Amino acid sequence: MNTEILRIQGQDSKTEEMILNLGPQHPSTHGVLRVILKMDGEVITSAQPDVGYLHRGTEKLAENRTYPQMLVISDRWDYLAAMSNNLVWALAVEKLMQIEVPARGQILRVIMVELNRIASHLVFFGTYGIDIGAYTPFLYAFREREKILDLFEEVSGARMTYNYIRIGGVMADLPKDWIGRCRSFLEWMKPRFIEYDTLLTENPIFQDRTKNIGILPQPLAISYGISGPNLRGSSYRFDLRKDAPYCLYEKFNFSIPTGKNGDCWDRYWVRIEEMKESVKIIEQALDLLPEGECNAKVPRIIRPPMGEVYAQIEAPRGMLGIYLVSDGGDKPYRVHVRPPSFINLAVLQEILVGMKVADVIAILGSIDIVLGEVDR
Amino acid sequence: MLNYFKTIYKVGKSLIQGMLVTWKSFWQPSITVQFPDEKLITPERFRGALTFDKETCTACNLCVKACPTACISLEPAVDPATKKRIAKVSWYQIDFGKCNYCRLCEEACPTKPIKSVRHTHQYEWGMLERKEMFVKWERMSPSTEPSTSGSTNMKPI
Amino acid sequence: MILPVWNESQKRSALILFGIASAGAGISIAIGEIGARFSKIWQCLSSFALKNSIPTALLTTLSMIIQCSILIGFISGAVMFMVWWERKVSAHMQNRLGPMFTGGWHGWAQTIADAIKLLLKEDIIPAEAKPWVHRLAPIVAFVPAFLCYAALPFGEGLISADLDIGILYIFAISGLSVLGIVMAGWGSGNKYSLLGGLRSAAQSVSYEIPRVLSVVPILMMVGSLKLTSIANVQTGFWRLAGIPLLPRWFIFYPIVGQIAFLIFLISSVAETNRTPFDIAEAESELVAGFHTEYSGMKFSFFFLAEYAYVFLSSGLTTVLFLGGGSGPVLPSWSWFLLKSFAVVFLFLWFRWTFPRLRVDRLMEFTWKFLLPWSFINILITGFILLF
Amino acid sequence: MTPQEMFSIIQAQYKNITEIPYPQSPHAAPAHEGKPYRDPHLYLQCPSELWLEFANFLKNEENLSFDYLTFVTALDYAKVNPQEPIRIEVVYHLYSFKHRHSIVVKISLQRENPVLSSVIQVWKTSDWQEREVYDMFGVKFEGHPNCSRILMWEGFPGWPLRKDYVHIPDRYDD
């Protein structure tokens, strides 16, 4: 498709190039992102994303905060999946201090992270519908997400910045009949997937807008360090929950959906299937939840030994990692956050060339970035 | 030729199915909560605005250390007679412009049985200027109201 | 729909609304009856004028003014209702409530409040814009919408200009508003609206042809362009041994009716720039397309023009395919209103279910699918008319 | 592939790439702190002029085939604690999909104007990550198409993540 377009711009039809600023205030850049598009008519000749508008310097902040305080900052990276950020920070510190979290604490963490994955993919499903032009799926997605946020509000007290997963376990055990409400949510969620499929996935106009658009070939994906549903969309089976299990993930059986030819539709389809898998994981986790203490014994002032550690988990947007170097004090010496959205976004400048303006929005939406995580 | 009509049929059928989904939810009752009239009940662990109990606080500074954004500042009371520090607080100030509502201060507070700094269930709370965000509790002054340097700010939006 | 339990203010506003509804019905019945007997009133009036030598020219201008005011009053009333109705329908389709507070019961006065707000808003002309093109664009986009209503039959005798080239007139005048959109796009000087304007020009031009061609089979059957004659042909029922099987509407003609109806519906959705063809003001790509730089009164002109065209297209669909004004008990104009608001509901239903087509796929859809099928449709009618 | 086998393959090819030993707890560390911890990967110290060639070797070598660069970051050892000489250390964490093993390569540069050759030809993901390291630490990457600031705005003074960075507080109170 690309070669055919470039041939049109022959020497004779002298069309002067138009530079269009997509963002930073734009309804479909999912946050404060600016993409400088050079266009010939409707076709993009070069795209250059410009990030940094939401940079809050978390890595500098981390250097003068104690370990538990850093959890509160971690909520603000990928603000649609704060539980995953908390989990990766807690895992890094626990690995450094060699703390073993009891089984109940680990399974509670799995339940929370998977619920958060569903909530984050629901936001993707809703906003991707709007990017392509259908307004109704957004409202349905947020109707379901409200139920999840209510569950989170009961367990942690907040709706977006939970600060629930702590070093050594979780903030507090589940309230009384939380498990009953969680199960009723899962029952409510299952028929919704059929509704979503009829409304958007099998909709011919939607498929026409997303099939064979923004194809991300596998070698390009690997060389750009793409991870998460975008990588699985290009038919590469790699999921940290299966390949490097953490937090007792090896106890659950669930499948890893992978797309076929790496276009926008496959990335969208992978996320919808992942939501269905997450529902299965939560059900197994709720059955598997053992009794007993959910927190490990952790000293009041956390002072990990000297050393460095790299912990990574499968966040909804990809491989979220924390590279933590400690010099024995109560504040980390150096923290580097490996942000999946920041790295996935870099591929935009390659696959946008030759596409139309409407496709730019479809491709940007299908990569599903959150600017809090891109800029940190 | 045949699959030309088959695609038309398939496209038509899935379009109609999509429309039936919206038709079905057209008749379902709406789930909006009309805020000023109907209000949602906040769960028991809800982290709303912070309150402070002047009498029980022993000015131990644990909450000041625990806060990630250092928005709490306090000054221990001094017994006028013996000029020695006593286990009471003279004033206690929280800068709600920086507060993360993360409950670390409440967890760090050692006072039994009710913590002196804790979250309430109040979320209707607007402020007009930045100065109003500094909520200050004085123990010495006769008025027991938490006074800010300016108008009292506990009015709902 | 479960009605929420009503508190005091809602009961009172329900009463007010019921009063308004019945008054509205009363006035429209009066207009309906006067309309039906308009010719008789016209005779006695002109004879009265002759007697005491009032120049007839004065009389015709007077009746012209009355007709125009009724027409404009009706259209703005219908558009006001449709804006409110779209917000309520879209809300309930998305499990929410829509406007609830302005004016009491289910926020019926929301559009009036919006209109007043838009009037009070500051009218900004961007520095980059060419001022006169920017000012003229909404007028050029808005006026043809009202002109077309002159030839639309609202019921027996309820037509202000019974032109014998009715359909041709409507299609020709509605083609003009594209000029307004392109002027808006180019005039407001910003790249997004330029793209929006160009896109809508391409779209309207290419959807005009299948829209007109899909009406040709009906003209072949009726034999005249006059809208009232088309409506009259469709009165009555197909009787199978006495019992009225199907009303004689064009939509029920064997193959021809359905294909023509579908093509006309799809292309009129495209003509009015509504989803799934709203590439001109695609919120997610072009911010707001051609009316990005418009605010206040000028924006409401574009808004009214869009809804006027929606009602015009659904009115045309009723007249052409659903036998405008023919129905057993109720007076003709109420049948016409009922059917056209049903078609408007169809427009709204499309908008809140379907995503948006891409520009080139949209063009391809017209030229490679709608156009050939409208030709085939004309062919089939030709064969049917032969035997 | 255990770290030792990998190291032997690398050692055969490149002599002056040394393995970084497991960190020892400094003699003054209090007992309760526990033993220092490090991930069980292979940690290599590579001289800066050899890095580009070594990177190609890591990627194309048959039984290493590190085709996935997980992340690039840097550390600024400015504060003098006895064990760490003053330097800026650039850390490359690599992973191989084929063999499912990972490796960490550290390159130390002097703090005045650190320069390193860019590996954008080998792994394209380093494009933005190296720009971020430049933005935060001032490490100049030769061979990088536009080695400019990515998160901070162009005229930003100084390198924020260096230990000796003095922050001018931005005022928004009044």
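Keep in mind it's a predicted model, so treat the numbers as computed, not measured. Letters A, B, ... are given to chains in the order of the sequence lines, protein chains preceding strands, and every chain is numbered from 1.
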Worksheet item: By a 4.5 Å heavy-atom criterion (distance strictly below it), what part of A:F238 contacts chain D: side chain, backbone, both, or neither?
Response: side chain
Practice prompt. Select one option (side chain, backbone, both, neither) describing which atoms of A:R56 are under 4.5 Å from chain D's heavy atoms.
Written response: neither
Practice prompt. State, with a plain yes or no, whether a side-chain heavy atom of A:Y323 is found less than 4.5 Å away from one of D:L75.
Written response: yes
Worksheet item: Is any NZ, NE, NH1 or NH2 atom of the basic residue among D:E89 and A:R334 found under 4.0 Å from an Asp or Glu carboxylate oxygen of the other?
Response: no
Worksheet entry | Contacting moiety of A:S326, where chain D heavy atoms sit under 4.5 Å | neither
Worksheet entry | Point-to-point distance, once rounded to the nearest 0.5 Å, from CD of A:E308 to CD1 of D:I20 | 7.5 Å
Worksheet item: So which of A:Q312, A:K60, A:E59 has the biggest tally of heavy-atom pairs under 4.5 Å with chain D?
Response: A:K60
Practice prompt. Sort A:P49 into side chain, backbone, both or neither according to what part of it lies under 4.5 angstrom from a heavy atom of chain D.
Written response: both
Worksheet entry | Side-chain (A:R338) to main-chain (D:T70) donor-acceptor, under 3.5 angstrom | yes
Worksheet item: So which of A:L54, A:I343, A:V325 has the largest heavy-atom pair count under 4.5 angstrom toward chain D?
Response: A:I343
Worksheet item: Just how far is it from atom CD1 of D:I150 to atom CG of A:D375, taken to the nearest 0.5 Å?
Response: 9.0 Å
Practice prompt. Identify which part of A:L220 has an atom lying under 4.5 Å from any heavy atom of chain D, answering side chain, backbone, both or neither.
Written response: side chain
Fill in: A:I302 versus chain D, the contacting section by heavy-atom distance below 4.5 Å
neither
Item to complete: Using non-hydrogen atoms and a 4.5 Å limit, figure out which bit of A:V309 sits close to chain D: side chain, backbone, both or neither.
Response: both
Worksheet entry | Region of A:F342 in contact with chain D, defined by heavy-atom distances below 4.5 Å | both
Fill in: D:K15, NZ atom: more than 12 neighbouring heavy atoms under 6.0 Å
yes
Practice prompt. Heavy-atom pairs under 4.5 Å with chain D are the metric here; pick the option from A:G307, A:A346, A:G57, A:P299 that has the most.
Written response: A:A346
Worksheet entry | Note, D:K163 side chain near A:Y333 side chain (heavy atom, < 4.5 Å) | yes
Discussion item. Does any backbone or side-chain atom of A:M319 lie under 4.5 Å from a heavy atom of chain D? Answer side chain, backbone, both or neither.
Written reply: side chain
Fill in: Separation of A:H55 NE2 from D:L151 CG (nearest 0.5 Å)
5.0 Å
Worksheet entry | Spacing of A:I222 atom CD1 and D:T125 atom OG1 [to the nearest 0.5 Å] | 12.0 Å
Worksheet item: Just one of D:F71, D:Y37, D:Y43, D:Y95 clears the ring pair (Phe, Tyr, Trp, His ring centres under 6.0 Å) bar with A:Y310, so which one?
Response: D:F71
